[in-house]
Amino acid sequence: MASGVVPSKQAVANVAGHHTETVVMKFQDQLFVVATQFMKLGTVVHVTRDLITDEIQGNVPMFSTKVLMGKDEPLVHVMAKAIVTELNPPTAIVLTLALKVTTPDAMKEITDLIKTCL
Amino acid sequence: MEPKIQLFDFTENFSDTTVHFKLMVLDSSFFVWIGTDPKLANIAVSMPPKYDDLPSTSTLLGSKSEENSASLSLKLAKKFKQQVFVSCSVPFDPQLSLLIEKRLMEELKQRIGS
């Protein structure tokens, strides 16, 4: 479904034995990304792109994460950064995570699933 | 595999303003976006009341002084007894707000079992 002024797409997969769904809504100024195994939004994280003018780091994208709602624990920030770095979008992202498995392999599969929605 | 999350898009013309709606129905919660521009300026969340009559609300994104989304999410949480996420960015106009609310209620009654 990619109609209307704000295109949205969803995908379904089985990740580590759990029914997993992702939804991406492409707003002009922001990306709204849902990754869930509970069919709820869960933790809401706002990821913004940092501007870097570093000669050594060059064009390496950097992101700041802020938990808007839910558990503000290190793992959430790590997962959000891992996903967003992989997606590397030009805009800020509102990312919602509600996951049962948080292993690196599962994260990779979930990130790939989100990519199919972009 | 069939998706369990349902997405609905619809557009409505109120006199000379075109308002777009996006609805995402999740497990015992839903997300609503209402806007004239394709932007996500704010998000408010409300939880249904458990003991007393008044749901609680919080602004997740955007200006805290923006009351539109917060008040709408309160009303929806109370009515549907679910967790509600609302993002509403339309020009302030009491008449328009009323029409939007009416249209949204029609849609929600169809899409959400309560």
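Chain identifiers are assigned alphabetically (A, B, ...) following the order of the sequence lines, protein sequences preceding nucleic acid strands; residue numbering begins at 1 within each chain. These numbers were taken from a predicted model, which means no experiment stands behind them.
Heavy atoms of A:Ala92 lying under 4.5 Å from chain B are absent altogether. Using a 4.5 Å cut-off between heavy atoms, B:Glu2 touches chain A through its backbone atoms (N, CA, C, O) alone. Interface residue B:Phe31: only side-chain heavy atoms are found under 4.5 Å from chain A.
A:Arg49 is listed as a side-chain neighbour of A:Asn88, based on a closest heavy-atom distance under 4.5 Å. In this structure the side chain of B:Glu66 never reaches within 4.5 angstrom of the side chain of B:Thr59, judged on heavy atoms. Between A:Phe27 and B:Trp33, some side-chain heavy-atom pair lies under the 4.5 Å cut-off. Contact of the A:Gln30 side chain with the A:Thr91 side chain is not registered, since no non-hydrogen atoms from C-beta on lie closer than 4.5 Å. A heavy-atom distance below 4.5 Å is not found between the side chains of B:Val84 and B:Lys75.
With respect to chain B, the highest number of heavy-atom pairs below 4.5 Å among A:Val94, A:Val12, A:Thr36, A:Val34 belongs to A:Val12. If you tally non-hydrogen atom pairs under 4.5 Å between each of A:Met39, A:Lys66, A:His46, A:Lys26 and chain B, the highest count goes to A:Met39. Among the candidates A:Leu41, A:Val44, A:Val23, the residue making the largest number of heavy-atom pairs closer than 4.5 Å to chain B is A:Leu41. Annotation: maximal heavy-atom pairing with chain A below 4.5 Å, among B:Lys4, B:Gln83, B:Met24, occurs at B:Lys4. Counting heavy-atom pairs closer than 4.5 Å to chain B, the top residue among A:Asn14, A:Leu68, A:Leu31 is A:Leu68.
Between B:Phe14 and B:Phe21, the ring planes are perpendicular. Angles over 60° get that label, and only those under 30° would be called parallel.
Of all residues in residues 94-111 of chain B, none places a non-hydrogen atom less than 4.5 angstrom from a non-hydrogen atom of chain A.
Looking at A:Glu86, its side chain never comes within 3.5 Å of a backbone N or O of A:Thr111 through a donor-acceptor pair. Between the side chain of B:Ser73 and the backbone N or O of B:Phe85, no donor-acceptor pair lies under 3.5 Å. Judged by distance alone, the side chain of A:Lys100 and the main-chain N or O of A:His18 form no donor-acceptor pair under 3.5 Å.
A:Met107 and A:Phe38 fall into different hydrophobic clusters, where Ile, Leu, Val, Met, Phe, Trp and Tyr residues are linked whenever their side-chain heavy atoms come under 4.5 Å apart, directly or through other members.
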